[in-house]
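Fair warning: this is a prediction, and the values are worked out from it, not measured in the lab. So that the names make sense, note that chain A is the first sequence line, chain B the second, and so on, each numbered from 1. Just the heavy atoms: all of them, side chains too, but no hydrogens, waters or symmetry mates, feed the values below.
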2 protein chains.
Amino acid sequence: MSTRAERVCTQLRDSIIRGDHIAGSRLNEVDLAAEFGVSRTPIRAALSELASEGLLDYMPNAGYSVRTYSAQQMLGIFEARAALEGLATRQAVENGVTEAQRALMQRAIDETEAVLSRRRWEADVTVFWSHINTWFHGAILEAAHNDHLAWLLRKSRSIPLVYSSMFRRFDLNRIAKAHEEHVTILEAITQRQAVRAESLAREHIYKAGLFVVERMREHEMQAAHAAAMARADGSAPPQPVAP
Amino acid sequence: MSTRAERVCTQLRDSIIRGDHIAGSRLNEVDLAAEFGVSRTPIRAALSELASEGLLDYMPNAGYSVRTYSAQQMLGIFEARAALEGLATRQAVENGVTEAQRALMQRAIDETEAVLSRRRWEADVTVFWSHINTWFHGAILEAAHNDHLAWLLRKSRSIPLVYSSMFRRFDLNRIAKAHEEHVTILEAITQRQAVRAESLAREHIYKAGLFVVERMREHEMQAAHAAAMARADGSAPPQPVAP
DNA sequence: GAGCAGTGTAATGTATACACGATCGCGAGA
DNA sequence: TCTCGCGATCGTGTATACATTACACTGCTC
């Protein structure tokens, strides 16, 4: 990471995923330049990159804004991602996973089990789970030996992160469920059951999508309710949601 | 299309797909700026966009170069695309296609039939087929109502174009085969057979991929043979293939 | 002769000034 | 009072100059 544009891009991506910018808000290039202590040129390069990743919207002569996704759209993202992760899992089985890749997946499973059974304590379960998940699916993707698939999945994984980071912490129940699915997927992979592994992986992601979408719908309902209450009070709604 | 960056981007994309630049060659920003009669700024914006589309490679401090794909990588692209087009077709059936969408697909089929049976004459069958194909799959994608899926597919469709444009014209046999597959897919969609439609669409794209990859392998063999002959002659090989 | 260091050149990365377009507010007229 | 139009202002689009990096070539040393 040598150029300023790259540094800005990384920091901005993190801050967007962290939820620092309110959804739909416009990003002013001059302000960002001042904030990062660089000129507008690397800022524009970073914004262009983030727009290509789907985190920002770009309108000619109107600049960049934080992209928002409806629950419906998020479901579509997870459905696409499910198809791709399913394919990756099948290709991993067909190519054969290396011992190192299998070991990494096993380690992800073991560590999750340790945390779930309270044999081990983690300060932030959300961060922990995020890492574990990355290991597990990263190993599968690596075994798939399909660069384009990896590229498409990278573009499909970062967007949901924006929204799942909105929930303070993952439900322990949800993690336990996902953990069981991981175990089953690894079992299918180990037994070289390509079609079964594909179906399981696809369903695994789809379930995760349903969970996120459910949370988003709850959130939207609460927001709508709060807005209605505010209107009834005659006061201004607390925060603009969309531009 | 108002900004210069957009115009440059469109023109450059077309020229890359047309195969104007030799594979792997580096794109000099100053030269491009002179060629398009603009400054380096919109050139850099266009290059950044094309890199995000997968048509160019970017290396910090080393600029952009025309990306090359091996036959193996191309197969991976088509495998991913097959999974996505399959998903799109299934979602189209599940959502239900409108009469207009069905009519467009039917029209694509009818016009192809007219050309194949010589009832109609087309100057450039490759261009004709390209349009027909776009109609057909575009209608399905529209019916799928999945923005992210559409976005991923856009990124997966343009890359093979670079290589399929290398073959002077599509085989009429290949078009006839693909046509039959289109007929079967539309039949499955009309009868609301979601799973069958998904399988057929997936296989349809996979077959197209095998065709392109086969041509690429032939091409690679020829190139390797020519290079070997040139080396035997003691003269320099005709063209550098990769950087 | 081989290897390494230093320098020069060409290309990219960045800063900055200016041009253009969009948007908002104010005022005039119906 | 409402609407239309015009100008002011803010922000993005573009050009250009400068900084910095990478690479190749040359000359020196071992």
Separation of [N] [atom2] from [X] [atom1] (nearest whole Å):
{"X": "A:R4", "N": "C:dT12", "atom1": "CZ", "atom2": "P", "value": "18 Å"}
{"X": "A:R7", "N": "D:dT20", "atom1": "CZ", "atom2": "C1'", "value": "12 Å"}
{"X": "A:M59", "N": "D:dG11", "atom1": "CE", "atom2": "P", "value": "17 Å"}
{"X": "B:E6", "N": "D:dT14", "atom1": "CD", "atom2": "C1'", "value": "14 Å"}
{"X": "A:E29", "N": "D:dG13", "atom1": "CD", "atom2": "P", "value": "6 Å"}
{"X": "A:L32", "N": "D:dG11", "atom1": "CG", "atom2": "C1'", "value": "12 Å"}
{"X": "A:I43", "N": "D:dG13", "atom1": "CD1", "atom2": "P", "value": "14 Å"}
{"X": "A:N28", "N": "C:dA22", "atom1": "CG", "atom2": "P", "value": "18 Å"}

Residue met sooner reading DNA chain D from 5', once B:N61 and B:P42 are mapped to nucleotides: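 On the 5' side of the pair lies B:P42.
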With a non-hydrogen cut-off below 4.0 angstrom, is [X] in contact with a base, only sugar-phosphate, or nothing?
{"X": "A:A5", "result": "sugar-phosphate"}
{"X": "B:R44", "result": "base"}
{"X": "B:Y58", "result": "sugar-phosphate"}
{"X": "B:L27", "result": "sugar-phosphate"}

Euclidean distance, A:E214 CD relative to A:L75 CG, rounded to 0.5 Å: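 Here the interatomic distance stands at 11.0 Å.
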Non-hydrogen side-chain atoms of B:I17 and B:R13 separated by less than 4.5 Å: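 When only atoms from C-beta onward are counted, B:R13 and B:I17 do touch, with a gap below 4.5 Å.
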N/O (side chain, B:S39) to phosphate O (OP1/OP2, D:dA15) under 4.0 Å: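 For D:dA15, OP1/OP2 do have a side-chain N/O of B:S39 under 4.0 Å.
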Matching residue for B:E85 among B:K207, B:R202, B:R157 - test: salt bridge (Lys or Arg N to Asp or Glu O under 4.0 Å):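 Exactly one candidate clears the test, B:R157.
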A:V38 side chain, from C-beta outward: closest of C:dA15, D:dT16, C:dG13: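 Of the candidates, C:dA15 comes closest.
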Residue A:R26, side-chain atoms from C-beta onward, closest of C:dA11, C:dT16, D:dT12: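 Of all the options, the side chain of A:R26 is nearest to D:dT12.
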C:dG13 base / B:R40 side chain donor-acceptor hit below 3.5 Å: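 When only heavy-atom distances are counted, B:R40 does reach the base of C:dG13 through a donor-acceptor pair under 3.5 Å.
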Under 3.5 Å: donor-acceptor pair, side chain of B:R102, backbone of B:V97: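 Flag not set: sc B:R102 to bb B:V97 has no pair under 3.5 Å.
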Cationic N near anionic O, under 4.0 Å, B:K155 to B:E53: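 B:E53 and B:K155: not salt-bridged.
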